Amino acid sequence: MNKVAYQDEIIILRVKDWQTADKYAVCFSREHGKVSFIAYGARYGKSNGGRLIQPFAQLSARLIGGRRFDTLQQCELSVLPQTMDILALAYSAVIAEAVENLTEEYSPQEEIFILLQQALVLLGRHNKRLVVVSALCKLLSFCGFDPALENCTTCHEKIEGDAYFSTVQGGVVCDNCSTGAELPFAVGTRELMLKLQRLDFANPEKFVVRGADLMQLEQTLYKFLVYQTDKPLVSLQFLAQISV
Ligand SMILES: [Zn+2]
């Protein structure tokens, strides 16, 4: 981006301290996609809204394009921050990291911005594990990595019962085609994933979930994400430490 100022709605994905007084942040914006920027002086109270640069804050921001990263000129809250307990913060971090790893800078995709907005609200109201898994399913689909769940990715036979999931082939593999390298993927897990892909975040329906299916789906999704992005999901380690 050239040195052009622009206004956008942003959701902060990650923040770290930068030099002595500044903050570096990665956000996902409504109209510009993923953007990283420096908020100069943000660690001092008097800066132009710099104290608002916190993980998962939703802001209306004015930024100036730069060669390596943009610069925050000013910002204000666009949505009042909700109080989040440590578990909600940890789950939000998993979604934020997945968004950061799966998207390119300045590649606008408003549906991802809306997904983030809705997921942050739902995390405070519903089963956090389900919200995260559903958000990741939707995110994979928005980023063009929608796993094939209806038919075997090798022989194309329709899958009915228990099967396997191949992270390499990006979908299910039937019993006959399994080479032993795939992950087990029970019929309940597959049905749960289909349901969570389509879950309406604006008006989520209630349903019963088997713990074993959810656990298998989480493990499969996390492995698939890591395979697709070639990056570990660092936030999962923190989550594992606090949710024992
Ligand atoms: Zn097959």
Side-chain angles (χ1 to χ4, degrees), residues 34 91 93-104 107 109 111-112 114-116 118-119 122-123 126-237 239-240 243:
K34 184 174 71 176
Y91 279 108
V94 175
I95 299 175
E97 190 180 2
V99 168
E100 186 178 355
N101 290 355
L102 280 167
T103 55
E104 301 289 333
S107 182
Q109 216 172 342
E111 54 197 353
I112 295 180
I114 294 168
L115 173 72
L116 274 168
Q118 292 177 325
L122 291 182
L123 276 172
H126 295 273
N127 180 317
K128 295 175 178 50
R129 287 171 66 193
L130 281 177
V131 173
V132 169
V133 169
S134 183
L136 295 181
C137 287
K138 289 169 185 290
L139 188 61
L140 281 166
S141 155
F142 292 158
C143 296
F145 300 117
D146 218 354
L149 297 178
E150 306 279 0
N151 297 77
C152 170
T153 49
T154 303
C155 71
H156 309 296
E157 280 289 313
K158 190 159 176 50
I159 301 277
E160 303 283 357
D162 291 347
Y164 297 87
F165 189 95
S166 164
T167 52
V168 181
Q169 289 172 214
V172 283
V173 173
C174 75
D175 215 12
N176 291 335
C177 298
S178 165
T179 63
E182 300 87 3
L183 306 164
F185 204 63
V187 61
T189 309
R190 197 171 65 89
E191 283 166 0
L192 178 61
M193 188 167 186
L194 285 166
K195 194 172 266 185
L196 292 177
Q197 277 178 334
R198 296 176 195 139
L199 187 67
D200 179 4
F201 266 14
N203 188 18
E205 54 174 306
K206 282 202 161 54
F207 53 89
V208 179
V209 178
R210 277 185 60 226
D213 294 336
L214 178 57
M215 198 179 289
Q216 191 172 65
L217 181 54
E218 284 173 328
Q219 287 167 357
T220 309
L221 265 180
Y222 294 149
K223 284 188 177 141
F224 186 51
L225 257 174
V226 170
Y227 177 80
Q228 289 297 348
T229 58
D230 209 17
K231 282 182 195 157
L233 270 173
V234 179
S235 49
L236 280 184
Q237 294 164 9
L239 185 60
S243 56

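All residue numbers in this chain count up from 1 along the given sequence. Start at 1 and go down the list; that is how both ligands and their atoms are numbered. What you see is a predicted model; the values in this text were computed from it and never measured.
For the Zn ion (ligand 1), protein N/O/S neighbours under 2.8 Å (waters excluded) are Cys152 SG, Cys155 SG, Cys174 SG, Cys177 SG.
Although no hydrogens or angles enter the test, the distance criterion places a donor-acceptor pair under 3.5 Å between the side chain of Glu97 and the main chain of Ser235. Side-chain atoms of Thr153 come within 3.5 Å of backbone atoms of Val172 as a donor-acceptor pair (strictly under, hydrogens ignored).
Between Pro204 and Leu122 the shortest side-chain heavy-atom distance falls below 4.5 Å.
Ring planes of Phe185 and Phe165: tilted class, angle from 30 to 60°.
For the pair Lys34 and Glu104, the salt-bridge criterion is not met [side-chain N within less than 4.0 Å of a carboxylate O].
Scanning all heavy atoms of the two residues, the minimum distance from Glu182 to Ser166 falls at CG-CB, 3.8 Å.
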